[in-house]
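The structure appears below as structure tokens.
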Amino acid sequence: ANVRMAAQHQHRERAPLTAVLDDIAVAAGLRAEYSGVHFDFAPADASLDIVVDGQLIASAVSNLVNNAFKFTPGGGWVVLRAQRVDSTVVIEVEDQCGGLPATKEEPFRAFGDRRGRDRSGLGLGLFIARKAVESQGGTLSVLNLPGRGCVFSIILPLAAPEASERPTDELSPN
């Protein structure tokens, strides 16, 4: 993923958000059956388009979903949802991991930077996911719910409406 994040290797194109998330949801559903964790997918509005390197964004979302399953005990819930908020798309992955430990350093720092005893792999995965999202003009943040879980949010700009979708009165006369 690191190599792909270099601008010259990116392949950005307009894509429906559903195209990016649906395959992840199918894989997560299978993982849920296998791990005894409940999975809930709230599909995005089919009209929402983003202009991104779909592989990079899918990789970031998959990373968050995989972490959610890894740290949520059997019987718990993992939720993937996406919605429009103003001129952005918000993709959220919520889990029941119990929350981030109070002593944990900033979770997005590179694994190698931490030099701590926590070698769970969470740090590197989140660092790469954040870099991938930021390379697409987005942000990745986490809401820690102590004793309950985490909500990871990817915010990406919504694609501008295509010319055919614009009302004719918006076009200025020559």
Side-chain angles (χ1 to χ4, degrees), residues 1 4-5 10-101 104 106-108 111 120-159:
R4 219 177 144 75
M5 280 185 255
Q10 288 181 20
H11 179 68
R12 288 195 194 194
E13 60 186 2
R14 184 183 191 101
L17 183 59
T18 51
V20 177
L21 298 182
D22 286 355
D23 288 346
I24 295 168
V26 169
L30 295 172
R31 172 119 186 222
E33 284 182 39
Y34 172 77
S35 62
V37 171
H38 302 285
F39 175 66
D40 186 30
F41 176 49
D45 180 331
S47 71
L48 298 178
D49 285 353
I50 49 179
V51 180
V52 294
D53 182 317
Q55 279 188 289
L56 273 178
I57 293 302
S59 166
V61 176
S62 292
N63 198 307
L64 297 178
V65 169
N66 288 337
N67 274 339
F69 278 107
K70 182 176 175 182
F71 295 105
T72 297
W77 284 88
V78 170
V79 179
L80 172 62
R81 58 183 170 259
Q83 61 190 343
R84 178 183 182 154
V85 178
D86 299 322
S87 60
T88 67
V89 166
V90 180
I91 302 166
E92 291 181 331
V93 177
E94 183 171 357
D95 63 36
Q96 290 185 320
C97 67
L100 299 173
K104 197 176 190 81
E106 208 276 319
F108 294 101
F111 181 71
S120 66
L122 181 66
L124 182 63
L126 291 181
F127 178 76
I128 291 173
R130 175 179 261 182
K131 289 294 177 203
V133 170
E134 288 175 350
S135 78
Q136 302 302 297
T139 59
L140 172 56
S141 60
V142 62
L143 172 63
N144 185 28
L145 305 169
R148 207 175 108 205
C150 296
V151 181
F152 288 90
S153 300
I154 294 174
I155 302 175
L156 294 165
L158 195 59

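These numbers were taken from a predicted model, which means no experiment stands behind them.
A distance of 8.0 Å separates CG of D86 from CZ of R84, quoted to the nearest 0.5 Å. Distance CZ/R130 to OG/S141: 8.0 Å, rounded to 0.5 Å. Atom OG1 in T88 sits 7.5 Å away from atom CG in L158 (nearest 0.5 Å). Between L140 atom CG and L126 atom CG the span is 7.0 Å, to the nearest 0.5 Å.
Heavy atoms only, all atoms of each residue included: A46 and T18 are closest at CA-CG2, 4.0 Å. Nearest heavy atoms, Q136 versus L56: NE2-CD1, 3.5 Å. Across S135 and A132, no two heavy atoms sit closer than the pair OG-O, 2.7 Å.
With sequence neighbours left out, E94 forms a salt bridge (Lys or Arg N to Asp or Glu O under 4.0 Å) with R81, R148.
Tested against F152 for a side-chain contact (heavy atoms from CB on, under 4.5 Å), the candidates N63, V65, I91, L64 yield a single pass: L64. The side-chain contact (heavy atoms from CB on, under 4.5 Å) test with I154 singles out one residue from V61, V89, T139, and that residue is V61. Of the candidates L143, L145, N144, C150 forms a side-chain contact (heavy atoms from CB on, under 4.5 Å) with just one, namely N144.
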Report, one line per pair, each donor and acceptor closer than 3.5 Å where one atom sits in a side chain of residues 71-79; sequence neighbours left out.
| unit_1 | atom_1 | unit_2 | atom_2 | d |
| --- | --- | --- | --- | --- |
| T72 | OG1 | A68 | O | 2.7 |
| T72 | OG1 | Q96 | N | 3.3 |

Please list, one pair per line, the donor and acceptor atoms closer than 3.5 Å that link side chains of residues 20-35 to other protein atoms, with sequence neighbours excluded.
| unit_1 | atom_1 | unit_2 | atom_2 | d |
| --- | --- | --- | --- | --- |
| R31 | NH1 | N66 | OD1 | 3.4 |
| S35 | OG | R31 | O | 2.9 |

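A salt bridge between R14 and D49 is present, with a side-chain N of the basic residue lying under 4.0 Å from a carboxylate O of the acidic one.
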Query raised in the report: After noting the C-alpha distance and the side-chain angles of D45 and S47, does the key distance pass the side-chain hydrogen bond (donor to acceptor under 3.5 Å, both in side chains) rule?
Result: CA-CA 5 Å; D45 180 331; S47 71; 2.8 Å; yes
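In terms of modelled atom types and a separation under 3.5 Å, the side chain of D53 and the main chain of H11 share a donor-acceptor contact.
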